[in-house]
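Working notes for the structure below.
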Protein chains: 2
Amino acid sequence: MDQNKKDRLERAGWRVGNAEDFLELTPEEAAFVELKLALAHFLRDVRVQQGWTQAQTAKRLGSSQSRFAKMEAADASVSVDLLVKSLLGLGATREQVGEVIARAA
Amino acid sequence: MDQNKKDRLERAGWRVGNAEDFLELTPEEAAFVELKLALAHFLRDVRVQQGWTQAQTAKRLGSSQSRFAKMEAADASVSVDLLVKSLLGLGATREQVGEVIARAA
DNA sequence: CAAGTATATGTCCGATCCGACATAATCGCA
DNA sequence: TGCGATTATGTCGGATCGGACATATACTTG
C-alpha cells in the first residue's frame with residue numbers, strides 16, 4: 001500500500017497495519033498464523049509445481065476441491081495437522097516442512 | 001529387544017518390528033507420527049529446561065495437567081496445532097519449531 | 001515402607017474440524 | 001464479450017479434539 005492511500009485511510013479513521021495489529025493478536029498467535037500461512041503457501045507452490053488443479057489434488061488426497069481451496073487460503077477451519085498431512089501426501093518431506101516453518105516469510 | 005525374544009514371538013505368530021511396520025503405516029503416516037513425536041519431545045525439553053512441572057505449565061497455557069501429559073506423550077488425541085501453540089506459548093520461536101520438525105530424530 | 005509430589009491413563013461432553021455439496025467469483029482464451 | 005475451466009465461499013452433519021475430572025502409577029524423601 002502506498003503512503004498516500006495509507007494517509008487517506010488514516011484521516012478517515014482507519015488504522016492501517018499488519019494483521020497482528022488489526023486483529024490484536026498476541027505474539028504467539030501471530031507466530032502461529034504466520035506458520036499456517038507459510039504452510040498454505042508452500043502447499044500451493046507444491047501443487048502448482050506439479051501442474052495439478054485443486055480438484056485433482058484434492059481427489060488424490062481423498063478430500064474435496066473446496067476444502068483444498070481453504071487449505072491454500074489458510075482458512076480458519078483448516079488445521080495445521082491437515083496442512084502437514086496434505087503436504088506429506090503430495091510428496092513433501094518432513095525436512096521441507098520444517099524448513100518452510102522455520103524460514104518462510 | 002533381544003534376538004531370542006524376537007524369535008520366540010515370531011514363532012508364536014507375532015510380527016516384530018518398528019511402529020511403522022506394526023501399525024502398517026504408509027510412509028506419509030510414519031513421517032507425520034515422527035513429526036509429532038519430535039514436537040512432543042521438544043515440548044518436554046522446553047518445560048524441563050524451564051524447571052516447571054506439567055501442572056504448572058498446563059496452568060500457564062490454560063490447560064490441564066492430564067492434557068499436557070498427553071501432549072508430551074504425543075497421544076493420538078493431541079493435534080499438531082495444540083503442540084505448536086503450546087510451544088509458542090512457552091516461548092519457543094517459529095524457527096525453533098521448524099528446526100525441530102526438520103531435523104529431530 | 002509411608003506420605004507427598006509428579007506424571008500417566010481413561011472418560012465425558014462441548015467445541016472445533018473436515019469432507020461434501022451448492023453456488024459464486026475469477027481466470028483463460030477465442 | 002462469452003464460455004468453459006478453475007478457484008473461492010458458505011453451510012451442514014458426522015468425526016475428531018481438548019479441557020476437565022477421577023484415578024492410577026511412578027518418583028522422592030524421610
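Since we're looking at a predicted model, the values are computed, not measured.
- If A:V48 and B:S64 are placed on DNA chain D by their nearest nucleotide, the residue sitting closer to the 5' end is A:V48.
- Here D:dA20 presents its C1' atom at 14 Å from NZ of B:K59, a figure rounded to the nearest Å.
- Looking only at distances, no side-chain donor or acceptor of B:Q54 sits under 3.5 Å from a matching main-chain atom of B:R44.
- Of the candidates D:dT9, D:dG18, D:dA20, the closest approach to any side-chain atom of B:R67 belongs to D:dG18.
- Atom CD of B:Q54 and atom C1' of D:dT25 are 13 Å apart (whole Å).
- Side-chain N/O atoms of B:R44 include one lying less than 4.0 angstrom from OP1 or OP2 on C:dA8.
- The base of D:dG18 is not paired with the side chain of B:K85 by any donor and acceptor separated by under 3.5 Å.
- The base of D:dA8 sits with one of its N or O atoms less than 3.5 Å from a complementary donor or acceptor on the side chain of A:Q65.
- For the pair A:K59 and A:Q65, the minimum side-chain heavy-atom distance is 4.5 Å or more.
- A donor-acceptor pair under 3.5 Å is absent between the side-chain atoms of A:D81 and the main chain of B:S79, judged by distance alone.
- The side chain of A:S79 approaches C:dC17 more closely than any other nucleotide in the set C:dC17, D:dG10, D:dC17.
- Atom CG of B:D81 and atom P of C:dC17 are 7 Å apart (whole Å).
- Between B:M71 atom CE and C:dA6 atom P the separation is 18 Å, expressed in whole Å.
- The closest donor-acceptor contact from the side chain of B:R94 to the backbone of A:A104 lies under 3.5 Å.
- One atom, CZ of B:F68, and another, P of D:dA20, lie 14 Å apart when rounded to the nearest Å.
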Salt bridge (Lys or Arg N to Asp or Glu O under 4.0 Å) evaluation trace for A:E29 with B:K85: CA-CA 8 Å; A:E29 290 169 335; B:K85 283 178 184 170; over 6 Å; no

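- When distances are taken from the side chain of A:L82 to each of C:dC18, D:dT7, D:dA20, the shortest belongs to C:dC18.
- Note: CG (A:L61) to C1' (C:dC18) measures 13 Å, nearest angstrom.
- Between B:E72 atom CD and D:dT25 atom P the separation is 20 Å, expressed in whole Å.
- Straight-line distance from the NE2 atom of A:H41 to the P atom of D:dT7: 15 Å, rounded to whole Å.
- In this structure, of C:dA22, D:dG19, D:dT7, it is D:dG19 that holds the atom nearest to the side chain of B:S63.
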